[in-house]
Colleague: 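I have a structure here, written as structure tokens, and I will follow up with some questions on it.
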Amino acid sequence: MYEPPHRIVLLAQSRTGWARLCRLTSAVHAHGDGPPVLAWDDLRAARLLADTATTADACAVDPVKDLGLGRPHFPEPAVVGAPGGIEHAARLLRERAETGLIRRGLDRDPHARQRLEEELAAIRTLKYDTYFLTVAQVVADVL
């Protein structure tokens, strides 16, 4: 009979701790097939495991103040191929969208170009560039 590995519960004490926990969780699940495995050294390296066990009272996280609940959260630009920050993400999204217009033969269509400009302006204003790059990557991975 298969016995699953030991499980632990990690509680974030701050926004920084939550961000580290999310990155570590994503990294562990990105390592191929099989159940996710995490070593104690990985937890220490991510600064998620203290040398002394913490009380539950010290681990209270306010979902609005500490985690930003109610605000959009997107991957860091480097995660979606834009290591130069949000401005690089906006340029990369524009390049990919313009390539799509060319591939579809719409690059000389003034209505299509105008629509692209409007859409990219809205995305940039909302700072959703990395969101759209993330969705594009997910779709590419599935196909």
Side-chain angles (χ1 to χ4, degrees), residues 2-51 53-54 56-143:
Y2 172 76
E3 184 175 328
H6 298 286
R7 294 178 182 263
I8 62 169
V9 175
L10 299 173
L11 301 172
Q13 291 182 299
S14 66
R15 178 183 296 177
T16 302
W18 179 253
R20 288 179 185 150
L21 182 58
C22 289
R23 275 192 219 97
L24 187 63
T25 301
S26 296
V28 168
H29 283 275
H31 289 299
D33 298 331
V37 176
L38 185 63
W40 292 111
D41 289 339
D42 295 328
L43 291 170
R44 284 189 187 90
R47 296 187 292 167
L48 287 172
L49 183 66
D51 290 328
T54 304
D57 291 339
C59 295
V61 175
D62 181 300
V64 174
K65 182 178 129 206
D66 296 326
L67 304 181
L69 191 67
R71 292 189 314 254
H73 298 274
F74 305 121
E76 293 86 2
V79 173
V80 292
I86 192 71
E87 294 301 322
H88 187 214
R91 283 193 305 274
L92 182 59
L93 182 61
R94 173 176 288 283
E95 289 171 12
R96 291 183 181 176
E98 288 176 347
T99 299
L101 280 182
I102 293 168
R103 190 173 51 246
R104 291 168 181 82
L106 296 171
D107 55 313
R108 296 179 191 225
D109 180 337
H111 297 292
R113 300 249 3 129
Q114 178 62 32
R115 180 62 184 256
L116 176 64
E117 292 304 320
E118 292 169 2
E119 296 290 337
L120 288 174
I123 291 167
R124 185 68 195 113
T125 298
L126 295 170
K127 297 183 171 127
Y128 275 38
D129 308 278
T130 58
Y131 169 78
F132 281 90
L133 289 169
T134 301
V135 170
Q137 185 62 53
V138 169
V139 171
D141 288 347
V142 171
L143 300 176

Colleague: Quick one, His88 and Pro77 - any side-chain contact, counting heavy atoms below 4.5 Å?
Modeller: no
Colleague: If I take atom OH from residue Tyr131 and atom CG from residue Leu126, how far apart are they, to the nearest 0.5 angstrom?
Modeller: 12.0 Å
Colleague: Nearest 0.5 angstrom please: Glu117 CD to Glu98 CD, how far?
Modeller: 7.0 Å
Colleague: For residues 132-143, dump all side-chain donor-acceptor pairs below 3.5 Å to protein atoms at least two apart in sequence or in another chain.
Modeller:
unit_1: Thr134; atom_1: OG1; unit_2: Thr130; atom_2: O; d: 2.7
unit_1: Gln137; atom_1: NE2; unit_2: Asp141; atom_2: OD1; d: 2.8

Colleague: Would you check, one step at a time, whether the test side chain to side chain contact (heavy atoms under 4.5 Å, CB included) holds for Glu76 with Arg23?
Modeller: CA-CA 10 Å; Glu76 293 86 2; Arg23 275 192 219 97; 3.2 Å; yes
Colleague: Looking at Ala112 and Leu101, what are the two nearest heavy atoms and their distance?
Modeller: CB-CD2, 4.1 Å
Colleague: Salt bridge between Arg113 and Glu118, side-chain N to carboxylate O under 4.0 Å?
Modeller: no
Colleague: Rounded to the nearest 0.5 Å, how far apart are NZ of Lys127 and CD1 of Ile86?
Modeller: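 Rounded to the nearest 0.5 Å, the NZ-CD1 separation comes to 8.0 Å.
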Colleague: Less than 4.0 Å between a side-chain N and a carboxylate O, is that true for Glu119 and Arg94?
Modeller: no
Colleague: Begin with the C-alpha distance, continue with both residues' side-chain angles, and end with the deciding distance and a verdict on salt bridge (charged side-chain N to carboxylate O under 4.0 Å, His left out) for Arg124 and Asp129.
Modeller: CA-CA 6 Å; Arg124 185 68 195 113; Asp129 308 278; 3.0 Å; yes
Colleague: How long is the gap from CG on Leu106 to NE2 on His111, to the nearest 0.5 Å?
Modeller: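 Here the interatomic distance stands at 11.5 Å.
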Colleague: What's the separation between atom OG1 in Thr99 and atom CZ in Arg104, rounded to the nearest 0.5 Å?
Modeller: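 It is 10.0 Å, given to the nearest 0.5 Å.
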Colleague: Taking CZ in Arg108 as the centre, count heavy atoms belonging to other residues, nucleotides or ligands within less than 6.0 Å. Is the count above 12?
Modeller: no
